[in-house]
Novice: 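Got a structure for you, written out below as structure tokens; questions coming shortly.
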Amino acid sequence: MWSFIHKLGSPKWFYGISARLMPWFWVAAAVLIAVGSVWGLAFAPADYQQGNSFRIIYVHVPAAFLAQSIFVSMAVAGVVFMVWKIKVADMAAAMMAPLGAAMTFIALFSGAVWGVPTWGTWWMWDARLTSMLILLFLYLGVIALRGAFTSRDSASRAASVLAMVGVINIPIIKYSVDWWYTLHQPASFTITSRPAMPTEMWLPLLIMVLGFYSFFIALTLMRTRSEILRRESSKRWVRELAVEER
Amino acid sequence: MTPKRKQKLFVILGLVSLAAIAVGLTLYALRANINLFFSPVQIAAGDAPFERSIRAGGVVKEGSVARNPDSLDVEFTVTDYVDDLEVHFSGILPDLFREGQGVVVVGELQQDGWLKADEVLARHDENYMPPEVAQALEEAGYSPADYQAKAAEVGKRLESEQRPDDALQRDN
């Protein structure tokens with residue numbers, strides 16, 4: 001198992017395998033998001049109470065899922081980098097952060113837009129909304145830390161530590177609606193239990209969630225590949241690759 | 001794993017668990033402030049301050065909404081199926097406001113036990129339903145029964161949530 005991690009940790013090997021995997025995830029992302037958004041926005045039935053404004057769920061929920069998953073991935077990559085000194089993990093973590101921040105922002109923004117007609121307010125300092133805002137700040141902190149050091153190694157360590165400690169916020173976000181009284185409702189859509197909506201509403205949501213995840217994987221592979229080329233530009237295999245391309 | 005890596009892993013795990021404990025204790029100490037609203041049970045128990053802006057939350061009691069036809073004044077009862085709280089409000093209610101709906105009201109608790117609301121927010125639950133299904137349920141006469149089942153469930157949940165706090169107060 002350890003040898004597999006080290007193999008995956010070799011930038012050259014990762015560069016090769018990701019080239020083969022990436023197109024599949026791009027295709028999956030394009031198809032799933034196209035099908036999911038058309039189905040969800042045009043064909044799924046409206047909600048009996050909220051009418052059409054409930055359709056924001058098809059963006060809001062996948063974005064919120066990704067926002068949290070990306071942070072956990074960053075923390076795991078941080079541990080792998082700190083313990084096993086695997087540089088690819090750090091590169092991937094660095095490349096994930098802006099997408100995570102964007103997803104957090106989309107979740108907060110779409111939630112606020114939905115909140116105006118549904119709750120009667122666009123913002124409330126309840127536990128779910130506040131912990132999600134903290135997640136956005138954590139992402140911005142990770143991105144800023146990476147830019148704040150002249151030495152890349154110090155920047156990577158600092159960002160990894162912040163990601164590892166910041167991951168404590170994730171269970172707080174997830175369980176905030178159960179632990180405290182909040183304005184935000186409990187989860188309608190979880191992996192573990194029956195969804196609180198009929199199949200014709202739930203299936204497009206599942207497709208959108210899978211599509212968002214494929215998009216995240218494809219984008220991270222692509223950005224990590226270019227980061228590998230950038231950081232390893234002095235290595236022989238990269239120079240040989242550049243010669244071949246020419 | 002080399003001993004050095006193992007040591008590093010333990011340092012990281014230790015650091016993260018210490019941070020988690022610190023955050024956990026802080027949140028536990030602040031739980032009364034993190035809760036967005038007081039439930040009618042807590043207000044009946046005297047936990048909420050009088051004549052200061054507070055938030056109260058619960059479900060609008062069936063058949064309790066009384067509107068004044070000449071103004072925007074409306075009176076209704078917020079309940080958690082254990083205790084009730086009378087609310088007076090003057091203004092525009094959110095679209096989702098109706099009987100049986102979860103709400104959060106912002107306002108001042110008066111000495112004689114009712115709440116003068118400045119703002120009423122609707123709380124959406126986690127259930128989504130197409131209008132046809134809702135209509136079919138209603139036509140089949142399921143809706144009120146459905147509400148009661150839901151009401152009992154919410155009541156039970158609130159009660160079990162309430163118990164640890166009550167025990168704490170008794171200890172104090």
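Below, read A as the first sequence line, B as the second, and so on, with proteins coming before strands; counting in each chain starts at 1.
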Novice: Report the option among B/Val11, B/Ile12, B/Ile34, B/Ile92 that has the most heavy-atom pairs separated by less than 4.5 Å from atoms of chain A.
Specialist: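 Of the options given, most contacts go to B/Ile34.
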Novice: Would you please indicate yes or no on a ring centroid separation below 6.0 angstrom for A/Phe65 and A/Phe212?
Specialist: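 No, they do not, as the ring centres are separated by 6.0 Å or more.
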Novice: For the pair A/Arg146 and A/Asp90, find out whether any cationic side-chain nitrogen is under 4.0 Å from an anionic carboxylate oxygen.
Specialist: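 Between A/Asp90 and A/Arg146 there is a salt bridge, with a charged N closer than 4.0 Å to a carboxylate O.
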Novice: Find the one option among B/Leu9, B/Val120, B/Val103, B/Leu93 whose heavy-atom pairs under 4.5 Å with chain A are most numerous.
Specialist: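 Max contact count across the listed options: B/Leu9.
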Novice: Among the options A/Thr118, A/Ile172, A/Leu183, A/Thr121, pick out the one with the most heavy-atom pairs lying under 4.5 Å from chain B.
Specialist: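 If we count pairs closer than 4.5 Å to chain B, A/Leu183 comes out on top.
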Novice: Under 4.5 Å heavy-atom distance to chain A, tell me which part of B/Gln7 shows up: side chain, backbone, both or neither.
Specialist: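 No part of it gets close to chain A.
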Novice: Does the distance from a Lys or Arg side-chain N to an Asp or Glu carboxylate O, for B/Arg67 and B/Asp73, drop under 4.0 Å?
Specialist: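 No, this pair does not count.
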Novice: Any idea how A/Phe105 and A/Phe109 line up, ring-wise: parallel (<30°), tilted (30 to 60°), or perpendicular (>60°)?
Specialist: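 Geometry flag for A/Phe109 against A/Phe105: parallel rings.
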Novice: Please classify the contact of B/Val104 with chain A as side chain, backbone, both or neither, using a heavy-atom distance under 4.5 Å.
Specialist: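 Side chain only.
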Novice: Could you tell me which portion of A/Ala187 (side chain, backbone, both or neither) has an atom closer than 4.5 angstrom to a non-hydrogen atom of chain B?
Specialist: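 Only the backbone of A/Ala187 comes within 4.5 Å of chain B.
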Novice: Do the rings of A/Tyr181 and B/Phe37 sit parallel, tilted or perpendicular, given the 30° and 60° boundaries?
Specialist: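 Taking B/Phe37 first and then A/Tyr181, their aromatic rings lie parallel (interplane angle under 30°).
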Novice: Could you check whether B/Trp114 and B/His88 have their ring centres less than 6.0 Å apart?
Specialist: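 That pair passes the under 6.0 Å test.
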Novice: Given that the side chain runs from C-beta out, which part of A/Met201 has a heavy atom under 4.5 Å from chain B: side chain, backbone, both or neither?
Specialist: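 Side chain only.
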Novice: Can you tell me which of A/Gln50, A/Met164, A/Met82, A/His184 forms the most heavy-atom pairs within a distance under 4.5 Å of chain B?
Specialist: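 Ranked by contacts with chain B, first place is A/Gln50.
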